[in-house]
Every structure is written in structure tokens, then in C-alpha cells.
Number of protein chains: 2
Amino acid sequence: MSAATKPASEVDERPRSAGRPRVGILSRRLIGETALRLLDEDRDTGFRMSDLARALGVRVSSLYNHVENKAAVFAEIREILAERIDGEATPDPRWDRALRTWAHAYRAAFAAHPATVAYLSTLPLDANSTVGTAYDHLASQLQDAGWSAAESMSVIVAVESFVLGSALDASAPPDMLDPGQRTDVPRFSGAYHARRELAAAEGVTPADLAFALGLDALLEGLRLRLGAHATPSR
Amino acid sequence: MSAATKPASEVDERPRSAGRPRVGILSRRLIGETALRLLDEDRDTGFRMSDLARALGVRVSSLYNHVENKAAVFAEIREILAERIDGEATPDPRWDRALRTWAHAYRAAFAAHPATVAYLSTLPLDANSTVGTAYDHLASQLQDAGWSAAESMSVIVAVESFVLGSALDASAPPDMLDPGQRTDVPRFSGAYHARRELAAAEGVTPADLAFALGLDALLEGLRLRLGAHATPSR
DNA sequence: ACCTGAACACCGTTCAAGT
DNA sequence: ACCTGAACACCGTTCAAGT
């Protein structure tokens, strides 16, 4: 977290009396950023509204002047992550490369925040959400490349589904699938350990391997499909 | 829900006094099945332990004789769904068709239960879990077809990630991505409505279209990759 | 407009008492 | 061993009072 987003109240330790402060302390954005930082620091427990208030040097009830409820905090987090993804994804004239860059930035942003993945995929988009803008850019590229309008939407959603599932996988405890001492599943056990060793040898996580292989296959399959029955616009 | 799994206590309305009943009323499995039914009936709110108790004709505290906590109820749900998937997936000698059948059964089982998706991907597998057995079957087929042990694991995880992400998508409110009255995202808006109309015309959901397209592409890409640099075992 | 302090509501979990 | 009844703990949310 950058110093710029650190609430001044964390430095100033003196208790504040009731009443409106001269300069505003909180904002929806600051609350979202702080919540995201808390999720980063403590991965599995999630944050409480009281944690959030303490980190902001404020009482819990103050938060409700800026967000309707806890779900709204998650919505704000989604906006922040969406903007981060948008900023990182460098535009690429080739639709498949653009999708790939987007997918990588997307997964990276969410893998660090498992608790947000389920929320993200369930909450309706806000009007004027940045997410919508990103979709528009990708949809344009896909349609220009020859995908039909309906297909372009399916392609985006399919890649997004793969990314979100992969983010869940990447955020799961590393030993989640560990067959342990079981002897009744030898091929699975062998596969599990082989992937783990391969990942270690390449200096990445097992989840990274599955993501890379899956994304490559998915994009390759999409390229093939476009080539097979597309009608390029020019 | 079948009559066989319906708790007798739902028929017998008379209040029960304290003390051990002659015949056991609850079991871990029955609790899991009932929780799953509650999730089916009320999609978004999730179930409370008190709901669960009422549905079983029992007091809340009784549940804790059979499950450690609410998370354990979700773990039991996962086992139930896993067995259901296993039962439905008919074996197929071709690895890609087997994966496809598995993916469809998997998504169908979880799309109806959004709340379980996030849990499922985070909870460690129980020893002797049915999930492990399913992995073993798939890993065997993949390795016999020429995939390396490490790759076979990545393939399974990649398909699973796509399935889980798609299940999240399928369980989201249908208007989640609706651009509404926005005029700044014309290509996205066009794509959104085109997909919706195509889905309506084909009698499926928009989520179904994206899932079908993505799964086809993913499997096609995997087939290609195996053909390109595989060393079949025979 | 925006913060404090106190209260309320909800819900998961525990535990002694009872058979 | 397994159910009841009552209590506790935690946490999200509300609201009047204060500047």
C-alpha cells in the first residue's frame, strides 16, 4: 500500500471527540482501499467492520456515512481491482493477445483476494462501472476480428469464468488436493506430486502451471474456431 | 428431494421432550442433504443453522452432536455433490469425452448451489473423499492417452477451474452484466443483447452458451496440444 | 455533512440437565 | 449417545446527540 492512501488517523493517535471534523476523514474509496489491505494481510478470516474502523482510526458507525453496508465495501473493492486491471492491461491489436493480457492481469488481481471472487461474480455491475468499459474494449476487438456480437460476449464470459475459477484455485491452500497417504488413488497421487515437482523446478506454483496450460489451450481453441467459420468484417 | 431422505420429524408435529430418543433422528448425511435442499429452495440468502434445525424438526443445539460447525455442513454438502457427479458421469474410453461429461455433470451439480462454489475450492479434501477417486479415474485416462503425469494434473485442474468459474457465472443473477441505459459502451451493449437473444432463441441461458463455447475451445486446444508433442504410452 | 457512543438484532456455538 | 433449553459471544447495523 502506498503512503498516499494511508489514513492520516493512523499516525495521529489522539482520540477524537464526537461531531463533524473540519476535514473529512473517510471516503468510500479510502474504505475500499483499506478493506483490500486488510484482506491482503489476513487471507482467510476476512475483515470485520470493526477491523476496518480500527484501521481507519474511526468508530464503526462512522463507516455507515459512506457505505450502505458490508456488501457495498466489497462492491467498492471490485471497482478498485477492476481499475487496477484496466491500468495494467496494455492494449494489443491482436484479439487473442489482448485476451491473454487481460486474463493474466485479471487473475493476478483476484488471486490475492479470494474472498472477493465469489462476491465479484454475483454482484450486479454498477452503472458506469469500469468493468463495463473493459468489456467494451474487448468486445470491439473481438467483433472487429470477425466474431459475431453474441459470440464475442460468450468468449469474454468464458475467459472470465476460467480466470475466476483459476483465481479460486490459486488462492486455495497449496495442499488442498493432497492425496496424503491414500494408496487407492495411485495415478492421481502420481499426477499430484509430478505437477508439484515440475512447478518447483520452474519456480512457479502448481496453480500457475494449470492456469498457463488452460489459458493456452482455451485461446488456441478459440483461434481455431474463428478460423473455421468466421466472417471477418473486412 | 426424494421421500426417502425426508426426515420423519417433518410429518410428526408433536414437540419432543429432552433426552435421547429411542431411534436416532439426525445424521451428518441427513443434515447435509437438508442443507442442500434449503440452498435449492432459497438461492441467495443461504441457510441458517436455525433454518436447518427447523427443517429437521429439531433444536439448533442438536445439530452440534453431528457436525462440528457450519463449515462442516458445507464439507458434507461437497461430499454429496461429488458423489452425485461421480454417479452421473458415465465412463467414456476417450479422454476428451470423459472430461467433457465430467465437466457437464460438475457444473450442473454446482450451478444450483452458488454458495458452495467458493467453499468447495478452498476446503481441503477429506481423506477418502470421493473427489479423489474421480481425479484418479481421469488422471488414469489422461496418462494412458499420452499426457505426462504432471500435465494430467494440470489438465484436470484447468478444466475444473473453468467449470467452477462457469458455475459461478451460471448462478449469478441473469442481469448481472446488463449495461442498462449506458451509451458509452455500444459494442459491449450490443454483444450483451445479442447473446441474450441467441440464448432465448435456442432455449438455453446465456451462461450455457458461454460454457459450451468455452468448454469446446478448451478441449479442442487440449487435443491439439496432445497431438503436437505427446509421447503416447504405446 | 459527518463523527461518537450506546443500543439492538441476529446468529453461530456451548453446555448443563435430562433420558 | 443424543436431544432440549438457556445462555453467551460476536458482529453488522441503527440512531440520537454533538459540532
Side-chain angles (χ1 to χ4, degrees), chain A residues 7-32 34-35 38-39 42 44-77 115-116 118-119 123, chain B residues 7-32 34-35 38-39 42 44-77 115-116 118-119 123:
Chain A
S9 44
E10 276 197 355
V11 190
D12 175 12
E13 298 290 351
R14 291 194 339 215
R16 183 175 33 254
S17 61
R20 183 188 185 193
R22 287 206 213 85
V23 54
I25 299 170
L26 298 178
S27 69
R28 189 183 174 90
R29 178 50 57 112
L30 181 60
I31 289 172
T34 308
L38 291 181
L39 285 175
D42 194 350
D44 20 50
T45 58
F47 67 89
R48 288 166 294 209
M49 293 302 271
S50 58
D51 295 333
L52 198 44
R54 184 161 359 95
L56 286 158
V58 116
R59 301 291 163 172
V60 205
S61 48
S62 309
L63 301 172
Y64 291 85
N65 288 307
H66 302 271
V67 292
E68 307 79 67
N69 46 38
K70 195 174 182 177
V73 179
F74 277 100
E76 181 63 22
I77 288 177
T116 66
Y119 266 94
L123 259 59
Chain B
S9 44
E10 276 196 356
V11 190
D12 175 13
E13 297 292 349
R14 293 194 338 218
R16 182 174 35 251
S17 61
R20 181 188 185 192
R22 288 207 212 84
V23 54
I25 299 170
L26 298 177
S27 69
R28 189 182 175 92
R29 178 50 58 113
L30 180 60
I31 289 173
T34 308
L38 291 181
L39 285 175
D42 194 351
D44 18 51
T45 58
F47 68 88
R48 288 168 293 211
M49 292 302 271
S50 58
D51 295 332
L52 198 44
R54 183 159 4 92
L56 286 158
V58 116
R59 302 290 163 172
V60 205
S61 47
S62 309
L63 301 172
Y64 291 85
N65 287 307
H66 302 271
V67 291
E68 307 79 66
N69 47 37
K70 195 174 182 177
V73 179
F74 278 100
E76 180 64 19
I77 288 176
T116 66
Y119 266 94
L123 260 57

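What you are looking at is a predicted structure, and each value in this text was computed from that prediction instead of being measured. Chain identifiers are assigned alphabetically (A, B, ...) following the order of the sequence lines, protein sequences preceding nucleic acid strands; residue numbering begins at 1 within each chain.
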Length of the [atom1]-[atom2] vector between [X] and [N], whole Å:
| X | N | atom1 | atom2 | result |
| --- | --- | --- | --- | --- |
| Asn65(B) | dT13(C) | CG | P | 14 Å |
| Leu63(B) | dA1(D) | CG | C1' | 16 Å |
| Asp51(B) | dC11(C) | CG | P | 8 Å |
| Arg48(B) | dC11(C) | CZ | P | 4 Å |
| Arg54(B) | dT4(D) | CZ | P | 14 Å |
| Phe74(A) | dG12(D) | CZ | C1' | 13 Å |
| Leu56(A) | dT4(C) | CG | P | 11 Å |
| Glu68(A) | dG12(D) | CD | P | 16 Å |

Would you indicate which nucleotide in [options] comes nearest to any side-chain atom of [X]?
| X | options | answer |
| --- | --- | --- |
| Lys70(B) | dT4(C), dT13(C), dG12(D) | dT13(C) |
| Leu26(A) | dC3(C), dT13(D), dA6(D) | dC3(C) |
| Val58(B) | dT4(C), dG12(D), dT4(D) | dT4(D) |
| Tyr64(A) | dT14(D), dG12(C), dC3(D) | dT14(D) |
| Ser61(A) | dC3(C), dT13(D), dC15(D) | dC15(D) |

Using only side-chain N and O atoms of [X], determine if any of them is under 4.0 Å from OP1 or OP2 of [N].
| X | N | value |
| --- | --- | --- |
| Arg59(A) | dC3(C) | no |
| His66(A) | dC3(C) | yes |
| Ser50(A) | dC11(D) | no |
| Asn69(B) | dG12(C) | no |

For this session: Could you please spell out the steps behind the side chain to side chain contact (heavy atoms under 4.5 Å, CB included) verdict for Asn65(B) and Leu26(B)?
Result: CA-CA 9 Å; Asn65(B) 287 307; Leu26(B) 298 177; over 6 Å; no
Distance (rounded to the nearest 0.5 Å) between [X] [atom1] and [Y] [atom2]:
| X | Y | atom1 | atom2 | result |
| --- | --- | --- | --- | --- |
| Leu63(B) | Ile31(B) | CG | CD1 | 5.0 Å |
| Thr34(B) | Leu39(B) | OG1 | CG | 11.0 Å |
| Glu68(B) | Arg28(B) | CD | CZ | 5.0 Å |
| Met49(A) | Arg54(A) | CE | CZ | 13.5 Å |

Problem set entry | Watson-Crick or G-U wobble mate for dT14(C), both contacts under 3.5 Å |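 The answer is dA6(D), by the H-bond criterion.
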